[in-house]
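Contents: one structure, followed by commentary.
Just follow the structure's listing: the first ligand is 1, and inside any ligand the first atom is 1.
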Amino acid sequence: MKVLVAVKRVIDYNVKVRVKSDKTGVETANVKMSMNPFDEIAVEEAVRLKEAGKADEIVAVSMGVTQCQETLRTAFAMGADRGIHVLTDAELQPLAVAKLLKAIIDEEKPDLVILGKQAIDDDSNQTGQMLAGLLGWPQGTFASKLDVGDGSLQVTREIDGGLETEKLTMPAIITTDLRLNEPRYASLPNIMKAKRKPIDQKAPEDYGVDIAPRLKTLKVTEPPKREGGVKVGSVDELVEKLRNEAGVI
Ligand code: AMP
């Protein structure tokens with residue numbers, strides 16, 4: 001079984017994101033970038049399938065600037081076998097990423113494609129669903145457990161008030177939720193080995209895909225500053241404030 005994983009380079013989740021002064025987006029210059037955390041979970045799941053003897057090849061795909069190669073090397077150090085880098089400096093919106101992934105999938109013919117449920121920079125939560133739609137494949141989104149059988153798989157999803165388990169026939173699209181697994185730290189020998197794994201460098205034009213943005217960002221603003229709390233002297237005062245100041249009771 002061949003597994004394809006999509007890995008996006010995003011601002012590291014530990015970084016306090018700053019909005020650009022002209023409100024056109026967030027500051028990315030001189031900011032630490034890393035693999036999208038949900039994509040680390042996707043790679044980890046693929047590697048576990050390989051270790052369990054259920055997958056025999058893991059192909060990692062990243063799209064964007066030159067440094068996406070570092071993201072692919074991180075995937076290699078965790079256990080992915082080879083990479084495809086679609087190089088572009090242009091803004092890639094979820095539909096463009098989904099169309100490019102579809103073109104790659106048409107060539108690579110994987111049995112299973114694992115994406116993150118969302119990229120923590122744009123929070124779109126669209127690419128996996130759009131990709132499944134474009135391919136006409138079944139999708140198991142927000143997976144918190146995966147059981148891969150012969151030609152089919154079971155996906156457990158966390159939904160309001162419980163768990164839902166779906167059976168999907170392969171090929172299929174999976175998007176990862178936080179509790180699917182805990183990604184491993186790459187060992188030093190594996191980081192060294194990752195340097196020798198091959199990356200196929202491509203451009204959007206190679207796939208004949210129109211990547212022009214369809215959505216326009218009007219402005220990006222900081223969330224309102226949190227106001228400081230107050231200490232109340234009594235329950236009566238608390239009730240009075242909740243009723244007359246906060247207006248919540
Ligand atoms: P989004 O729909 O933007 O929230 O992204 C959902 C998932 O799509 C991510 O977790 C990645 O697995 C994948 N993805 C989105 N953009 C890219 C990209 N530029 N390169 C590789 N994978 C991507």
Of all the non-hydrogen atoms in the protein, which one sits nearest to [atom], and at what distance?
atom                    : value
atom 14 (N) of ligand 1 : Val97 CG1, 4.0 Å
atom 16 (N) of ligand 1 : Lys8 CD, 3.3 Å
atom 1 (P) of ligand 1  : Thr127 OG1, 3.4 Å
atom 22 (N) of ligand 1 : Ala6 CB, 3.5 Å
atom 20 (N) of ligand 1 : Met63 N, 3.1 Å
atom 6 (C) of ligand 1  : Gly116 O, 3.5 Å

Check the side chains of [Y] and [X] for a donor-acceptor pair under 3.5 angstrom, ignoring hydrogens and angles.
X      : Y      : value
Thr141 : Arg157 : yes
Gln69  : Gln67  : no
Ser234 : Asp236 : no
Asn181 : Glu45  : yes
Gln129 : Asn125 : yes

Looking at [atom1] of [X] and [atom2] of [Y], how far apart are the two atoms once the value is rounded to the nearest 0.5 Å?
X      : Y      : atom1 : atom2 : value
Leu4   : Glu57  : CG    : CD    : 9.5 Å
Thr71  : Asp39  : OG1   : CG    : 9.0 Å
Met33  : Cys68  : CE    : SG    : 8.0 Å
Ile105 : Leu100 : CD1   : CG    : 10.5 Å

Going through the distances and angles, do Leu115 and Leu101 end up as a side chain to side chain contact (heavy atoms under 4.5 Å, CB included)?
-> CA-CA 11 Å; Leu115 300 90; Leu101 282 172; 3.9 Å; yes
So which bit of Thr175 gets within less than 4.0 Å of ligand 1, heavy atoms only: side chain, backbone, both or neither?
-> neither
Does ligand 1 have a heavy atom under 4.0 Å from the side chain of Val61, from its backbone, from both, or from neither?
->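 Backbone only.
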For [X], take its heavy atoms, then give the atoms of ligand 1 lying under 4.0 Å from any of them.
X      : value
Asn125 : 1 (P), 2 (O), 4 (O)
Ala119 : 1 (P), 3 (O), 4 (O), 5 (O), 6 (C)
Val7   : 20 (N), 21 (C), 22 (N)
Asp122 : 1 (P), 3 (O), 4 (O)
Gln126 : 2 (O)
Asp39  : 9 (C), 10 (O), 11 (C), 12 (O)
Ser124 : 1 (P), 2 (O), 3 (O), 4 (O)
Leu115 : 8 (O), 12 (O), 13 (C)

May I ask you to decide whether Glu158 forms a salt bridge with Lys145, counting only side-chain N to carboxylate O separations under 4.0 Å?
->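 No salt bridge links Glu158 with Lys145.
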Could an N or O of ligand 1 be found under 3.5 Å from any N or O of [X], whether backbone or side chain?
X     : answer
Gly64 : no
Asn36 : yes
Phe38 : no

For the pair Thr176 (side chain) and Phe38 (backbone), establish whether a donor and an acceptor sit closer than 3.5 Å, ignoring hydrogens and angles.
-> yes
